[in-house]
Amino acid sequence: MSQGNNKYLYWITFVAVNGGLLFGLNMAGIAGANELIKKDFNLSDSGLGTIASFLMLGCLIGALFTGKFTDTYGRRKVMIGTALLFIISSLGCAFSTGFYSLTFFRVLSGFAVGATSVVGPMYIAEISPAKKRGTLVSFNQFAITIGIFLAYVFDYFLINLGDNSWRYMLAIPALFGVIYFIYLLGNFPESPRWLLANNYKDKAIKILRKTSESSDLENELREIEESIKQETSKEKIKFSELFKGKTGKVVLIGTLIAAFQQITGINAVLVFAPDIFKSAGVGADQALLQSMIVGLVNVLMTIVALKLVDSKGRKTLLLWGALGMTACLAYLTYAFSKEEKSAIAVLLALLGYISFFAASFAPVMWVIISEIYSNRIKGVAMSFSTAVSWGCTFLTVYFTPIIRQNFGNSFLFAIFGFFSIVAYIFVKFYIPETKGKSLEQIEKELGLK
């Protein structure tokens with residue numbers, strides 16, 4: 001691939017991952033606003049849990065239907081739709097007048113995040129050369145971590161602007177949504193695989209010429225066309241087919257890894273990080289400052305994952321990640337079971353947990369589910385797996401303030417630690433290694449062709 005082609009490939013990846021940036025901003029933007037919203041709307045712990053977690057309920061719904069939309073209308077149009085949703089929902093949250101309107105716009109924001117979590121990795125996987133696919137798909141997760149970090153930064157600087165400061169925090173994604181929308185309306189191409197599947201061969205060839213690393217473009221084109229031909233010659237995928245035979249086994253693997261990414265606790269920690277630090281004896285401003293450190297470490301360790309995902313492999317990163325997370329969560333369980341606890345030790349353990357997660361499950365889950373599903377089932381299967389992931393996120397974030405209030409932080413971290421152990425066992429025995437293989441090779445090895 002020429003230097004010019006590299007630039008083009010990285011440019012369209014950069015545009016695509018702006019959805020990931022908005023994903024992160026929406027996920028963590030409420031972290032600094034929790035107590036202010038609770039006070040402003042006179043909410044219980046359950047009410048706060050509802051507002052924080054209903055974004056994930058919207059994500060579940062958005063993810064579930066996105067696959068069908070991407071297959072019907074194309075990846076690019078779905079991205080444009082999500083950009084508009086990000087703008088509308090963010091402004092709606094900022095101007096909400098009560099619990100119900102804020103909950104509604106949080107759900108709407110969730111639709112956009114859920115759709116982005118499906119279409120972003122799918123699009124990048126389809127435009128990427130095999131040797132760079134793991135890294136380029138991981139850029140989406142990198143953008144999410146930057147969004148989370150920026151959310152904490154904005155929260156820190158906006159927290160002292162009075163009772164309405166939470167409104168400014170929730171308005172931030174609208175600005176970035178406008179930028180994303182403008183990028184998408186520019187010279188941003190459709191996925192060549194979608195174009196070939198929908199009889200736009202000339203357009204597909206133009207894009208492949210700019211993005212492919214193959215020295216034999218004709219052969220690569222024939223491979224993709226053959227793959228699409230086999231898929232279209234079969235009956236259209238039915239939802240029930242996702243749970244049958246070899247397809248069912250592959251979907252089960254993808255769905256479970258998506259679930260483990262969430263039930264090990266990451267979004268509960270990110271959303272409630274300032275509150276967890278406060279319960280360790282840290283003041284409100286310091287809690288947000290420490291949350292910024294958490295966000296920064298999340299970004300830096302995702303860079304480590306970008307370096308390693310195509311060299312060390314997907315499975316190795318997942319195994320080390322699960323072990324490291326288990327060790328850090330075990331310490332947090334111990335620390336919060338004591339009357340006296342060191343705020344610095346709690347910060348270091350949380351940073352360790354974030355580090356191991358960011359370098360493993362955070363990006364690798366998206367890489368794996370974008371790779372193991374064949375083109376024929378990809379839209380529906382990725383939607384299903386991602387929806388299950390968001391369902392797990394919703395339950396985790398909804399119950400976190402309730403568990404913390406009734407059983408304490410120690411019990412919460414023990415639950416997450418248990419699931420980290422189970423995740424290790426699952427990865428060890430069931431996750432295939434996919435590094436350096438073309439999507440067509442992976443399909444053959446999994447018995448889907």
Side-chain angles (χ1 to χ4, degrees), residues 15-34 36-37 40-41 43 47-66 69-70 73 76-120 140 143-144 146-148 150-152 154-155 158 164-185 267 270-271 383 386-387 389-391 393-394 397-398:
V15 173
V17 303
N18 270 266
L21 181 79
L22 280 153
F23 177 148
L25 283 168
N26 278 274
M27 286 295 297
I30 200 168
N34 283 324
L36 294 167
I37 293 170
D40 210 1
F41 293 156
L43 300 176
L48 179 62
T50 298
I51 284 176
S53 65
F54 264 49
L55 179 137
M56 289 78 178
L57 193 61
C59 293
L60 188 160
I61 299 165
L64 201 56
F65 292 102
T66 298
F69 288 141
T70 58
Y73 302 108
R76 181 175 177 269
K77 285 180 182 175
V78 170
M79 288 176 169
I80 291 169
T82 61
L84 287 172
L85 274 180
F86 277 126
I87 297 165
I88 294 165
S89 61
S90 177
L91 293 175
C93 285
F95 289 104
S96 290
T97 54
F99 169 79
Y100 292 107
S101 60
L102 181 54
T103 301
F104 170 78
F105 283 110
R106 287 281 290 169
V107 172
L108 196 63
S109 177
F111 288 166
V113 174
T116 296
S117 68
V118 174
V119 73
N140 190 63
I144 293 171
I146 292 173
I148 290 167
L150 288 177
Y152 288 143
F154 287 126
D155 286 1
L158 295 171
N164 283 325
S165 59
W166 67 267
R167 297 184 184 277
Y168 306 131
M169 295 176 189
L170 299 187
I172 292 293
L175 174 63
F176 287 88
V178 170
I179 296 168
Y180 182 40
F181 182 69
I182 292 168
Y183 278 149
L184 290 169
L185 290 183
N267 277 306
L270 292 174
V271 170
S383 285
T386 310
S389 174
W390 283 119
T393 311
F394 167 70
V397 174
Y398 178 78

Quick check: closest heavy atoms across [X] and [Y], and the distance to 0.1 Å?
X: D40; Y: R167; value: OD2-NH2, 4.3 Å
X: W166; Y: A33; value: CB-CB, 3.6 Å
X: G29; Y: A151; value: N-CB, 3.6 Å
X: M56; Y: V397; value: CE-CG2, 3.6 Å
X: A28; Y: I148; value: CB-CG2, 3.8 Å
X: A171; Y: A94; value: CB-CB, 3.7 Å

Check: [Y] and [X] side chains under 4.5 Å, non-hydrogen atoms:
X: L55; Y: V107; value: no
X: M27; Y: N267; value: yes
X: T393; Y: L60; value: no
X: I144; Y: L21; value: no

Any chance you could lay out the side-chain contact (heavy atoms from CB on, under 4.5 Å) test for T116 and F86, step after step, and finish with the verdict?
CA-CA 10 Å; T116 296; F86 277 126; 3.5 Å; yes
Within the supplied structure, the quantity of interest is the number of heavy atoms (other residues, nucleotides, ligands) at a distance under 6.0 Å from F154 CZ; does it exceed 12?
yes
Around F65, counting heavy atoms of other residues, nucleotides and ligands shown, do more than 12 lie under 6.0 Å from its CZ?
no
Quick one: does any side-chain atom of [X] pair with a main-chain N or O of [Y] as donor and acceptor, under 3.5 Å?
X: Y152; Y: L270; answer: yes
X: R106; Y: S53; answer: no
X: S101; Y: G98; answer: yes

Working to the nearest 0.5 angstrom, can you tell me the gap between [X] [atom1] and [Y] [atom2]?
X: L43; Y: N34; atom1: CG; atom2: CG; answer: 10.0 Å
X: L184; Y: N18; atom1: CG; atom2: CG; answer: 8.0 Å
X: L64; Y: C59; atom1: CG; atom2: SG; answer: 12.5 Å
X: F41; Y: T97; atom1: CZ; atom2: OG1; answer: 7.0 Å
X: S109; Y: L85; atom1: OG; atom2: CG; answer: 9.0 Å
X: L170; Y: C93; atom1: CG; atom2: SG; answer: 5.5 Å

Please name the residue in the list T82, I61, T66 that meets the side chain to side chain contact (heavy atoms under 4.5 Å, CB included) test with F111.
I61
Run the side-chain contact (heavy atoms from CB on, under 4.5 Å) check on L25 and I172 step by step: do they pass?
CA-CA 8 Å; L25 283 168; I172 292 293; 4.2 Å; yes
With side-chain contact (heavy atoms from CB on, under 4.5 Å) as the test, would you mind laying out the steps for L22 and V113 before giving the verdict?
CA-CA 8 Å; L22 280 153; V113 174; over 6 Å; no
Passes side-chain contact (heavy atoms from CB on, under 4.5 Å), K77 versus F69? Steps please.
CA-CA 9 Å; K77 285 180 182 175; F69 288 141; over 6 Å; no
Taking the six-membered ring for Trp and the single ring otherwise, decide whether the centroids of F23 and W390 are under 6.0 Å apart.
yes
Validation row, ring centre F54 to ring centre F394 under 6.0 Å:
yes
